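For reference, the structure is listed below as C-alpha cells.
Every chain is numbered from 1, with letters handed out A, B, ... down the list of sequences. Everything quoted here is computed from the prediction, not taken from an experiment.
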Number of protein chains: 2
Amino acid sequence: MGRIKTEQNISRKEVIIQKAATLFKEKGFKAASMRELADIVGVEAASLYNHIKSKNELLNIICFDVANRYIQKMDEIENEKISSLDKLAKLLRYHIHGMIYHFDEVYVSDREWKHLDNPYLSNLQTQRRNYRKRIAAIIEDGIKKKEIKKIDAPTAVLIMLHAISGIESWHRSKQKISGKELEENMITILIGGLKNK
Amino acid sequence: MGRIKTEQNISRKEVIIQKAATLFKEKGFKAASMRELADIVGVEAASLYNHIKSKNELLNIICFDVANRYIQKMDEIENEKISSLDKLAKLLRYHIHGMIYHFDEVYVSDREWKHLDNPYLSNLQTQRRNYRKRIAAIIEDGIKKKEIKKIDAPTAVLIMLHAISGIESWHRSKQKISGKELEENMITILIGGLKNK
DNA sequence: TTTTTTAACACTAACGTTTGTTAGTGTATT
DNA sequence: AATACACTAACAAACGTTAGTGTTAAAAAA
C-alpha cells in the first residue's frame, strides 16, 4: 500500500486521529480495533505506530481537543457584558454548532471518556466538573437577577448539556430539518424553559 | 465456590442479568468480561453458561425488558382522557422514575444497544423509532390544540429523552438533590419550555 | 541539476494477553 | 435416580503492540 494521503497543513497523525474519531463514534472505543482503523486509513496496523504511541493516545487527543475548545469559549463568554440568559444562549449555540459540525470528536469525547486511562481520566473528569460549575454559576446569577426561573442550577445544566447531546439522533434521522432550524428549535425550548415568565 | 445465592421468586439467571446490568453500566458492554461478571456473581466463568446462552443474550434481555416496559406505559397513557401536555408530563415522570430507580438497566439499554447483534439490533431500532414517533404525535396534537408552542415535534422529543438520560450525571454527582426535587425541576424546565405562553 | 544522505514511513512476522465459549467431569439438591 | 449446577482445562480467535527490514520522499552536498 502507498503512504497515507495528506493535504496541505494536515499531518498524517491528524488524518489518523480524525478517522479514529469517526470509527470510535460508530463502534465505540473498545469495539473498534486498530486493524480496522488501519484498513480505513489504508495501511497496515503496525504502520499506525509510526505516528501514534497507542490506541489510548488517540482517545486522549480527541477528548482533550474537544474539552479545551469548550473551556476557551467559556473564558470568552464569561467576560462579555451581556445578560445571563444571553450568555447561556450563546453557550448553547456554541454547543449545538459543535454537535452539528464536529460531531465525531464531540460525540466520542462525550461518550467514550470512561476508557481514558489515568491520569487523563481524572484530569478530564475534573475539567468537566469545573465546566459544569461555571455554567451553573451563570444560571444562578440569572436567577438572582430574576432573568431565570427559580430552579436548581445543576439540574438545569444537566438538562441543557444532555439535550444538546441528543443531536446525535438528529444525525441519524432520515428526514432531517436543517441545522439552522434545529438550532432555533432547541433555543426556543431550552431558553424558553428557563426564562422567567 | 458455592452455588449462586437466590432469594424467593428470583432465579439464578435473573441474578446474573441484574449483576450484568451493573457491570455493563460501569465498564461498557465490550469492556466488561465474562470472567469479571463471574467473579461478581461468585462463580467460575464457564458456570455462567449453565444459565445463559451467551454474553449477547444478557444484553438482549436487558434492552428488551426496558423497551417493553416503556411501550406498555405508552399504551396506557395514549388512551387516557387528559390533555396532551398532561400526557407528556406523565410520560416524562415515568422516564424520570426509570432513570432513578432502575438506573443500571435503563442506562445500559440506552447506551449499549449498538452492540446487539441482528435481528435484535434492527428490532430494537424499529421499536425505538416507533416509540419516538408516538411521543411526537402527542406533541403535535398538543400544538394543534394550542397547548404547546409551535416547535418541531421530533426535536422536542429528542430534547426530552436526552435531557432525561442526563440523570446519569445526577447519579454520579456528590451533592445530590432528592429524587423528588430532581423530578420537579425537570418537569418545570421541560414542560415549561413546551407550554404555550 | 544531479547525486548522495537521511529521515520518514510502510511492510511482514510475530509476541503475549485476553476474549467468549465448549467439553467433559464431578457434586450437590431434588 | 435424576436433574441442576459448579468445576477444571482448554480451544480458537482477536486484541494491542513490538522488532526488524525494506522503501520512498525530502534535505544536503556535489
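- Residue A/Arg12 places no side-chain N or O under 4.0 Å from the OP1 or OP2 atom of C/dA8.
- Side-chain atoms of B/Asn50 come within donor-acceptor range of the base of D/dA6, with a qualifying N/O pair under 3.5 Å.
- Here D/dG20 presents its P atom at 18 Å from OH of A/Tyr49, a figure rounded to the nearest Å.
- With respect to A/Arg134 and A/Glu78, a salt bridge is recorded, a charged nitrogen being found less than 4.0 Å from a carboxylate O.
- Here the P atom of nucleotide C/dT19 and the CZ atom of B/Phe29 are 13 Å apart, to the nearest Å.
- Nucleic acid contact for A/Ala32: sugar-phosphate only, since backbone atoms but no base atoms lie under 4.0 Å from a heavy atom of the residue.
- Separating the CD1 atom of B/Ile16 from the C1' atom of C/dG20 is a distance of 15 Å, rounded to the nearest angstrom.
- Between B/His171 and B/Tyr107, the distance from one ring center to the other does not fall under 6.0 angstrom.
- Near DNA chain D, meaning a heavy atom under 4.0 Å away, there are no residues from residues 110-124 of chain A.
- If you measure from atom CD of B/Glu44 to atom C1' of C/dT19, you get 16 Å, rounded to the nearest angstrom.
- Phosphate proximity of D/dC7 to B/Ser47: present, with a side-chain N or O under 4.0 Å from OP1 or OP2.
- The closest side-chain donor-acceptor pair between A/Asp104 and A/Thr22 falls under 3.5 angstrom.
- Annotation: salt bridge (charged side-chain N to carboxylate O under 4.0 Å, His left out) contacts involving residues 116-125 of chain B, sequence neighbours excluded, are absent.
- We find that NZ of B/Lys55 is positioned 15 Å from P of D/dA14, with the value rounded to whole Å.
- Between the CG atom of A/Leu23 and the P atom of D/dC15 there is a distance of 11 Å, given to the nearest Å.
- Salt bridge present: B/Glu80 and B/Lys90 bring a charged side-chain N and a carboxylate O closer than 4.0 Å.
- Regarding contacts with the backbone of C/dA10, a side-chain N or O of A/His51 is found under 4.0 angstrom from either OP1 or OP2.
- Comparing atom distances between the A/Ala46 side chain and each of D/dA19, D/dG16, D/dC7 picks out D/dA19 as nearest.
- Look at CG on A/Asp39: it is 11 Å from P on C/dC11, rounded to the nearest Å.
- Following rounding to the nearest Å, B/Arg35 (CZ) and C/dT21 (C1') show an atom-to-atom distance of 9 Å.
- For the pair A/Lys55 and A/Phe29, the distance from NZ or CZ to the six-membered ring centre is under 6.0 Å and the angle to the ring normal is within 45 degrees.
- Placement of B/Phe103 and B/Ile40 in two distinct hydrophobic clusters is found when ILVMFWY residues are connected by side-chain heavy-atom separations under 4.5 Å, directly or transitively.
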